[in-house]
Amino acid sequence: MARRPLPRILSSGTTSLARGRDLARTAADSATDVLHPLLTIGRGLRVLASAGRRKWAETPKDKRGPALFLGAACVLVVALVPYGPLLALITVMAAAAWQGRDRTPAKTGPSDAETERLGSLYEALVPYFSIPEDPNPLFAHGGDWEKAFSGYEFDEAGRVTRLRIRYPAYFTDGEAASRARIETLLHAKSGRGREYLFDWDEEGNQLDLSVLAALPTGIAAQPFVTSPGETVLGFTDAGTVQRTLPVLDCGEPRDVPPVLWRTGPRSTEPHLLAVGLPGSGTSTLLRSIALQALRHGGDVLIVEGGGSGEYACLAGRTGVLAVECGPTGALSTLEWAAQETERRLVATHRAREAGRPAPDDTRRPLWILLDRPSVLTHLAAADGRPDPLAQLQVPLRHGRAAHITVVVAEQFEHLELLGDAVWQHTRARVVLGPAAIQQISDVLGLPPHTTPTAQVPPGRGYARLGTGPVHRLQVPATPDPYDDATHPGFRQAVLDLLPERLAPGGGGRRGQGPVTPAKPVQPPAQGSAIDASELPEVAAEAP
């Protein structure tokens, strides 16, 4: 049965309607601000009129005649006095303004429910912030919570959104385990399902608790304003980085703080490891990285172990050398990557010896993206073939000097199958999806500064570059454009960024021969063949 198209006002006018509602709401707010004095006087006149009617109704009937005569006499006197009507009008307007003023009492302290919640938080912290030897404890059962808590704020539901806690100096705030116990307790008592930021001031013995706003999920893949060598992993909280990028969030322009990963010969984190659960967004991250690499003129090799075909949109595109899904093709692809690394090193070494700049083909970025390589390791072991991951040692160890970047995405359940070379050389780490604090710490090397939630959208997680801080991360929405179950706007954004398809019989690499799954790229010519004596270190470390 054919599906009838939606009316135009429902299909294409949603953005216009939303913009119109915003403009109307803004105009109403502006008019309210301008007309606020008139509204106040009108409200006061209504109050005075109601008081007059009530007073007249309470007046006995035998006294209404003298009251009317007295009122008329007063009006006559005011009319005969110089400037009397003007003064009377000013007096009435002033009385109306006074009666119509906002009489909402200012909130000077917490309500009864908020006071009870603060008291329960105080009592829960007593065992952690007190010792029997303290003669004047700051935290004690039945004590005054106002001495320890300050700067508190609550939301509409009565839950804490911001709280400053002063704790005694003898608390071991320098130990991660002690801080983790306090953070876990406050997370449970303040309300689950939200992300809390804990800022420890060890010098001032103060702890600031605040609720973090959700990161934007409507930022799709788009041409980010970055220079070659900079890759946007995602977006984080304002104030944690010193740079913002202009992006389109659900069609609206805004500036958001990005998590930038810098690669190249001068990078201290040349390779990346992304870990997550199924559906957490690791494949989305790899697609985003691939599109940014292709936009800056790099070459991309993709090895997909899951075999789900999520990278089929990149096959046959300009700059994509190969998209491999089987153990045989993956092994040959990674063998070529190791040979290409050695070739680039030798060519660069020869050029420097001759006093010439390095050849252009050795300076073009090459990206090797591996999604779930542990599956290929298992299949290769079952068939008695060599482990494809063993071929990654050379690109991982010498890729930075050869302009080669390796990105590995794996699931938590199969991390033990990754070799030591992957763990040693992937200094940029990303954890996506719901995970325990211990799992995040094992991958990133540090626990996150916030409390992870059980339910997170795809692409949400944490990132750490080298020895830097841990950042909250939201990966740009980069779904498989051939997946009809995803948002059509996000799929179209990915299609707009894909390079052109190669002509039939053309190669995936610029200036090279054809690329086939069994033989990704032809080996170097005889004039540039690798001599093991010229590079003894690489030859010795190659598997």
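FYI, the numbering just counts along the sequence from 1.
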Criterion side chain to side chain donor-acceptor pair (under 3.5 Å) against W200, the qualifying member of H449, Q206, E183: E183
Separation between [atom1] of [X] and [atom2] of [Y], rounded to the nearest 0.5 Å:
X    : Y    : atom1 : atom2 : result
E310 : Y482 : CD    : OH    : 13.5 Å
L369 : I302 : CG    : CD1   : 5.5 Å
L498 : L291 : CG    : CG    : 6.0 Å
L260 : T236 : CG    : OG1   : 11.0 Å
R372 : S308 : CZ    : OG    : 8.0 Å
T478 : L285 : OG1   : CG    : 8.5 Å

Which heavy atom of [X] sits nearest to which heavy atom of [Y], and what is that distance?
X    : Y    : value
P388 : P327 : CG-O, 4.5 Å
G305 : V375 : O-CG1, 3.3 Å
G459 : L432 : O-CD2, 3.7 Å
L345 : A401 : CD2-CB, 4.0 Å
P481 : L495 : CB-CD2, 3.5 Å
A351 : P359 : CB-CD, 4.1 Å

Sequence neighbours left out, cut at 3.5 Å: what donor-acceptor pairs do the side chains of residues 416-429 make with other protein atoms?
unit_1: T426; atom_1: OG1; unit_2: V422; atom_2: O; d: 2.4
unit_1: R427; atom_1: NE; unit_2: T268; atom_2: O; d: 3.0
unit_1: R429; atom_1: NE; unit_2: T426; atom_2: O; d: 2.5
unit_1: R429; atom_1: NH1; unit_2: V443; atom_2: O; d: 2.6
unit_1: R429; atom_1: NH2; unit_2: W423; atom_2: O; d: 2.8
unit_1: R429; atom_1: NH2; unit_2: T426; atom_2: O; d: 3.3

Less than 4.5 Å apart, side chain to side chain, heavy atoms only: is that true for [X] and [Y]?
X    : Y    : answer
W336 : L321 : yes
N205 : F171 : no
P373 : H414 : no
Y128 : L185 : yes
L272 : V408 : no
F235 : P476 : yes
T282 : T284 : no
V256 : D249 : no

Between T450 and the options L212, V470, I437, D237, the side chain to side chain contact (heavy atoms under 4.5 Å, CB included) test singles out L212
Under the criterion side chain to side chain contact (heavy atoms under 4.5 Å, CB included), which of L389, V407, L286 is the partner of L370? L389
Check the side chains of [Y] and [X] for a donor-acceptor pair under 3.5 angstrom, ignoring hydrogens and angles.
X    : Y    : answer
T318 : E500 : no
R181 : S178 : yes
D387 : T377 : yes
S374 : E410 : yes

Answer yes when [X] and [Y] have at least one side-chain N-carboxylate O distance shorter than 4.0 Å, and no when they do not.
X    : Y    : value
R363 : D360 : yes
D371 : R287 : no
E195 : R472 : yes
R194 : D155 : yes
R343 : E340 : yes
R179 : E202 : yes

Do any N or O atoms from the side chain of [X] and from the backbone of [Y] form a donor-acceptor pair under 3.5 angstrom?
X    : Y    : answer
H471 : L473 : no
R464 : G468 : yes
T341 : Q339 : no
S280 : L277 : yes
S190 : L186 : yes
E304 : E324 : no
E175 : T172 : no
T451 : Y196 : yes
R317 : C313 : yes
R491 : D483 : yes

Checking H403 against T362 for the side-chain contact (heavy atoms from CB on, under 4.5 Å) test, could you report, in this order, the C-alpha distance in whole Å, the side-chain angles of both residues, the deciding distance, and whether it holds? CA-CA 7 Å; H403 295 267; T362 64; 6.0 Å; no
Should R344 and L366 be marked as a side-chain contact (heavy atoms from CB on, under 4.5 Å) after you check the CA-CA gap, both sets of side-chain angles, and the distance that decides it? CA-CA 11 Å; R344 291 189 177 200; L366 173 61; 3.8 Å; yes
Using the side-chain contact (heavy atoms from CB on, under 4.5 Å) rule, take L207 and D199 through it: C-alpha gap first, then chi angles, then the decisive distance, then the call. CA-CA 6 Å; L207 169 61; D199 186 9; 5.7 Å; no
Ring-plane angle category for W261 and W367, please: parallel below 30°, perpendicular beyond 60°, tilted otherwise. perpendicular
Can you tell me if R266 has over 12 outside heavy atoms packed within less than 6.0 Å of its CZ? no
Heavy-atom neighbours of E413 CD exceed 12 at 6.0 Å: yes
Which atom pairs, donor and acceptor, lie under 3.5 Å between side-chain atoms of residues 220-228 and protein residues at least two apart or in another chain?
unit_1: Q222; atom_1: OE1; unit_2: L248; atom_2: N; d: 3.0
unit_1: Q222; atom_1: NE2; unit_2: A220; atom_2: O; d: 3.0
unit_1: Q222; atom_1: NE2; unit_2: L248; atom_2: O; d: 3.3
unit_1: T226; atom_1: OG1; unit_2: H296; atom_2: NE2; d: 3.3
unit_1: S227; atom_1: OG; unit_2: E230; atom_2: OE1; d: 3.3

Verify side-chain contact (heavy atoms from CB on, under 4.5 Å) between I182 and L125, making sure each step is shown before the conclusion. CA-CA 8 Å; I182 300 299; L125 292 172; 4.3 Å; yes
